[in-house]
Amino acid sequence: MLTVPVETQILFAGILFFLGLTGLLVRRNLVFMLMSIEIMFNSAGLVFIIAAKHWNQPDGQVMFIFILAVTAVEVAIGLALILQVYHHFKTLDVDAINKLKDDN
Amino acid sequence: METILALIPALPLFSFLILVIFGGKLSRKSASWIGAGSVGIAALLTVVIGINLIHSLPGIKSYSVVLWQWIHAGNLSANIAFSFDSLSLVFCFVITFVGLLIHIYSIGFMAKDEGFTRFFAYMNLFVSSMLILVLADNILLMYLGWEGVGLCSYLLIGFWYKEPVNGTAARKAFIITRIGDTAMIIGIFILFVSFGTFNIQDLMHLASAKWAVGSSLAVITAALLLGGALGKSAQLPLQTWLPDAMAGPSPVSALIHAATMVTAGVYLIARTNVLFSLAPIVQTIIAIIGALTLLIAGFSALAQHDLKRILAYSTISQIGYMFLALGVGAYSGAIFHFMIHAFFKALLFLAAGVVIQVLNEEHDIFKMGGLRKRMPVVFLTFLIGSASLSALPLVTAGFYSKDAILWFAFSSNSGGMILWLAGIVGAFLTALYSFRMIFITFYGEVKTEPAFNAGKLMTIPLIILAVLSVIGGFIELPGSMGNVHLFSGLVNNTLPELVLKNVEHLEWIFQLVSSGIALSGIYLAYLFYYKKPEFIETFNHSRLNHFFEKGFEFDNLYNVVFVKPVVWFAEIDKKDIFDQLNISIANLSLLGNRFLSVAQNGKLRWYLLSFAIGIALILTLMINR
């Protein structure tokens, strides 16, 4: 079995995280932003799995289960909010949804 | 006895708390039962404890109760402790009994007012504070009550706070009395520094033991305490707040600005009489101030148009009589006049309240007239009150109390012809302005029709007070007729007896003169204001009349001497260095606000970017550390 060095694994997770972050910053559609957040979550989960494997400890995998549960909830709420936003503003462009600010 | 004594001020305080906390949820009926009921029970308890005290006199001179320690720091300590002697008895009786009648009257008077429970809450707080004032056994607790009544006076003058004028009047009363109170608290400090205690009895014993008569410290302290008394009792030169205080509801004027609070100064001087006997010069000043005040206020009352302002000036003038009596050492005379004055002046204010209310808030007596047939009960009681005020000989209580003061002003060791003359001129003025009110308001043609009739709740207190204004005098009859001394016999258990010159055989001449003066005042009022008004037509338009109407222009004088310079100085000093400092701090934060509020633009991705940059910065710092 091919063994990948742990640094490469971490680097992979890091790339994944920055992909997610970049997506979050450049995308204007709320659905895609939510997806980017999912990617960042998963990269964090990946780091836990890598660490669990590296030290032969099950804790990391347990944490990943938690993250899965949290993301599931987050997606449920996030999608519901997006649906409401769409009903209200008839758009999903975050730059158009900028009512939460000072008037002047 | 101790429990009863503690309950007397505690009951109105307790009902004040109930009315304040549950005010919104109580119906008007229960609020009035609680408000008037607590004062009623306090009155009953006062009667019980008073009868006990009278029975145990002169063996036991006072009851006292220590409830708890209030302040203790170093050698400074003060208790919440009450002491009940014959002087407190008279004051407590007037406060609770007249207070009860006024509370009952208020149920009718305030029936349609939206601030009904608030009114009763303030009134209860006032009664409680006033009782603390007269029952306190140490001077610090007395000062607490003293400020408490000042606060209630402020709250009740400005009771109809939606009118800005009422708020101004309330502030004026508060600020002017505060001038006197500041002098008073300095006096209290001097007493404490000199003797190390607040207990009034100890203070008086120590003062007479340690201070010589006329020593400078005694004179200064007495003068400072007198300052407090002058402010509270609206005497020259701090009298200007009382006429404006009439902005409050009529029951307030009756209870606070006629019967009780404004006589707190009289109580203070009577209570600390030892101090004043150590400072004869201050005592002379009291007599002179009293004489001047009663004259100035008497002339002012003569020119007023507002029914309540006449009564206000009349109150100032009558308290002037009490100060005159205190000044010549006739303490029991002053206290007796206080009690009788409380009866007839409360009566007059309550009756005036009825008149003003049924004429739809009409205050101007020249727009009234002919009310004699329209409201006979009010007319009769008002007539009795005015007769008592103008000291109608033999039949009214006011005659016995005022005549005693006039007699003492001459016959006391420290009295004299000039003081008596001032008093007799004042008595003439009193009769003149009292019956001016009667003839203009109740006689002549009807100018405004009464809108409705006053209810029983309002007329019964009037009748009771009218009865008291007549029979109240018979407990103290002068030496020349009857020689009854029930009242002075009672209060002289606490107060020093008056030393008279050896002129007692002349007393009947003086009584004859003062009776004649009162009757001629009434006759002239009949002539000038009813029969032949053209006699005084020129006077009515004269500058002098205007000068009297403005209360001798004291308001303008103070405005020019004190208010204007202060305002002017504040105006030019608006931008000194300290203000600049404060303003620049404010400007700095405003600038920061402008600068940072740019960041809050509602753009989610902008926030995210700053978020990411922030995290990147933090991480970089952590790694490089």
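Each chain gets a letter, A, B and so on, in the order its sequence line appears, and its residues count up from 1. Because the structure is a prediction, the values reported are computed rather than measured.
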Practice prompt. Give a yes or no on this: more than 12 heavy atoms of other residues, nucleotides or ligands lie within 6.0 Å of atom OH of B:Tyr558.
Written response: yes
Fill in: B:Phe119 CZ: over 12 foreign heavy atoms closer than 6.0 Å
yes
Discussion item. Counting neighbours of CD on B:Glu114 that are heavy atoms of other residues, nucleotides or ligands and sit closer than 6.0 Å, is the number greater than 12?
Written reply: no
Practice prompt. Check whether more than 12 heavy atoms from other residues, nucleotides or ligands sit under 6.0 Å from atom CE of A:Met35, and answer yes or no.
Written response: no
Item to complete: Tell me, out of A:Ile97, A:Leu21, A:Leu24, who's got the most heavy-atom pairs with chain B below 4.5 Å.
Response: A:Leu24
Practice prompt. With a 4.5 Å heavy-atom cut-off (strictly below), which parts of residues 605-615 of chain B touch chain A? List them by number.
Written response: B:Arg605, B:Tyr607, B:Leu608, B:Leu609, B:Ala612
Worksheet item: Quick check: are there more than 12 heavy atoms from other residues, nucleotides or ligands sitting under 6.0 Å from CG of B:Leu619?
Response: yes
Discussion item. Are more than 12 heavy atoms, taken from residues, nucleotides or ligands other than A:Tyr86, located less than 6.0 Å from that residue's OH atom?
Written reply: no
